[in-house]
There are 2 protein chains.
Amino acid sequence: MSNSRFPISLHILTLLNEAKGGVVSSEYLAGSININPVLVRKEIMNLRKNGFVGSKEGKGGGSFLAKNAKDINLGEVYKSVRSSNVLGQSKNEPNPKCPIGRQINQHLDSLYSDAENALIANLSKQTLADFASKFE
Amino acid sequence: MSNSRFPISLHILTLLNEAKGGVVSSEYLAGSININPVLVRKEIMNLRKNGFVGSKEGKGGGSFLAKNAKDINLGEVYKSVRSSNVLGQSKNEPNPKCPIGRQINQHLDSLYSDAENALIANLSKQTLADFASKFE
DNA sequence: CATTCTGTAATTATTTTTATTACAGTACAA
DNA sequence: TTGTACTGTAATAAAAATAATTACAGAATG
């Protein structure tokens, strides 16, 4: 993952938190983040699927926090946007004739998985409320 | 970083370790990893700059481990290839007129940095020797 | 001095990520 | 009941990042 889904999601959540339960349009969110509104809506779709936010269609619509900020932990947010491993996917197909190449991916995967768990554990120490409090 | 510098470097180091101090050509390494030899040489350049490997030009040349595998810890290897933060760089330029956007990058950076330290600490628990022993 | 390597630059191809365009559908409100 | 302001979503295009390829000078060896 070298895209910016995690920072975008966190940015959205922080803005929604700021809105204190109020409804915010994707246009507005995109303006603050300075990215395309469609990307924001896609990210919101994911956040909604994971229960972090809700959204309302139609005029005056937009999205809002669906949980108390204290109940959204950053590790969960990370997991919701995580697509491949942080350390780079083992998408490579090493030479199966090489005794190392043949089995390296499985060892890399287990190494990555451990390391990523440490990262998630660290993120999980903070909630959205903790993060947002830094902006006061 | 969504490239595969870390897995490539680890693969190289593992193969060199297997060679027990012997010299291995970039062509051979590339063959096992199944990537372009030039990419291998670039990665070796970096590994060399960081003291992990040495290399020998000319006929019969190649590269070799410059340290005992027990003295190469994976956290150091990670740091040597790390270019931007694992969680996605704050390369975005949020709207400076927005009170959140204005300061989010600094908060994201500090969050990332903490989380990445946890990841590095985890990787640092293992040396190349530990990793390579899995292939026996 | 031919051969087999590394080192490195330059270019091209591929893949991934992001932006843009477009439009159907929903809700509100006059 | 109709215009307006949104979301949801697909399709496409643009941009950026990554990897492959080509090319060749220079080093070490036999």
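Both backbone and side-chain heavy atoms feed into the values below; hydrogens, waters and symmetry mates do not. By convention in this document, chain letters (A, B, ...) are assigned in the order of the sequence lines, proteins followed by strands, and residues within each chain are numbered from 1.
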Worksheet item: I8(B) has an atom CD1; how far is it from atom P of dT18(D), in whole Å?
Response: 12 Å
Worksheet item: With sequence neighbours excluded, what pairs up with F135(B) under the ring-ring contact (aromatic ring centres under 6.0 Å, His included) test?
Response: H107(A), F131(B)
Practice prompt. Kindly compute the distance separating CG (L123(A)) from CG (L119(B)), expressed to the nearest 0.5 Å.
Written response: 10.0 Å
Worksheet item: For the helix from dC1(C)-dG30(D) to dA30(C)-dT1(D), what is the angle between the axes at its two ends, each from 5 pairs, rounded to 10°?
Response: 10°
Discussion item. For F52(A), give me all partners under ring-ring contact (aromatic ring centres under 6.0 Å, His included), at least two apart in sequence or on another chain.
Written reply: none
Fill in: d(CD, E43(A); P, dA19(C)) in whole Å
12 Å
Discussion item. Per the salt bridge (Lys or Arg N to Asp or Glu O under 4.0 Å) rule, what does the pair list look like for residues 37-55 of chain B, sequence neighbours excluded?
Written reply: R5(B)-E43(B)
Worksheet item: Which of these, V40(A), I44(A), I12(A), sits in a side chain to side chain contact (heavy atoms under 4.5 Å, CB included) with S63(A)?
Response: I44(A)
Worksheet, complete the sentence: Under a side-chain separation threshold of 4.5 Å, the hydrophobic residues clustered together with V23(A) are F64(A)
Discussion item. Once side-chain contact (heavy atoms from CB on, under 4.5 Å) is applied, do any residues pair with D71(A), and if so which ones, sequence neighbours excluded?
Written reply: N68(A)
Discussion item. With side-chain hydrogen bond (donor to acceptor under 3.5 Å, both in side chains) as the rule and sequence neighbours excluded, what pairs involving residues 127-136 of chain A come up?
Written reply: Q126(A)-K134(A), T127(A)-D130(A)
Item to complete: Sequence neighbours left out, what pairs pass side-chain hydrogen bond (donor to acceptor under 3.5 Å, both in side chains) with at least one residue falling in residues 10-25 of chain A?
Response: H11(A)-S32(A)
Worksheet item: For nucleotides 4-13 of chain C, read 5' to 3', which letter fits each nucleotide if B means a protein heavy atom sits under 4.0 Å from the base, S means only the sugar-phosphate is that close, and - means neither?
Response: BBBBBB----
Worksheet item: Once you round it to whole Å, what is the distance between C1' of dA22(C) and CG of N36(A)?
Response: 13 Å
Discussion item. Rounded to whole Å, how long is the line connecting atom CD1 of I35(B) with atom P of dT14(C)?
Written reply: 18 Å
Discussion item. Please confirm whether the shortest side-chain N or O distance from S4(A) to OP1 or OP2 of dT18(C) is below 4.0 Å.
Written reply: yes
Worksheet item: Rounded to the Å, how far apart are I33(A) CD1 and dA19(C) P?
Response: 10 Å
Worksheet, complete the sentence: Whole-Å distance, N92(B) CG to dA16(D) P, equals 13 Å
Worksheet item: What is the distance from CG of N34(B) to C1' of dA20(D), rounded to the nearest Å?
Response: 12 Å
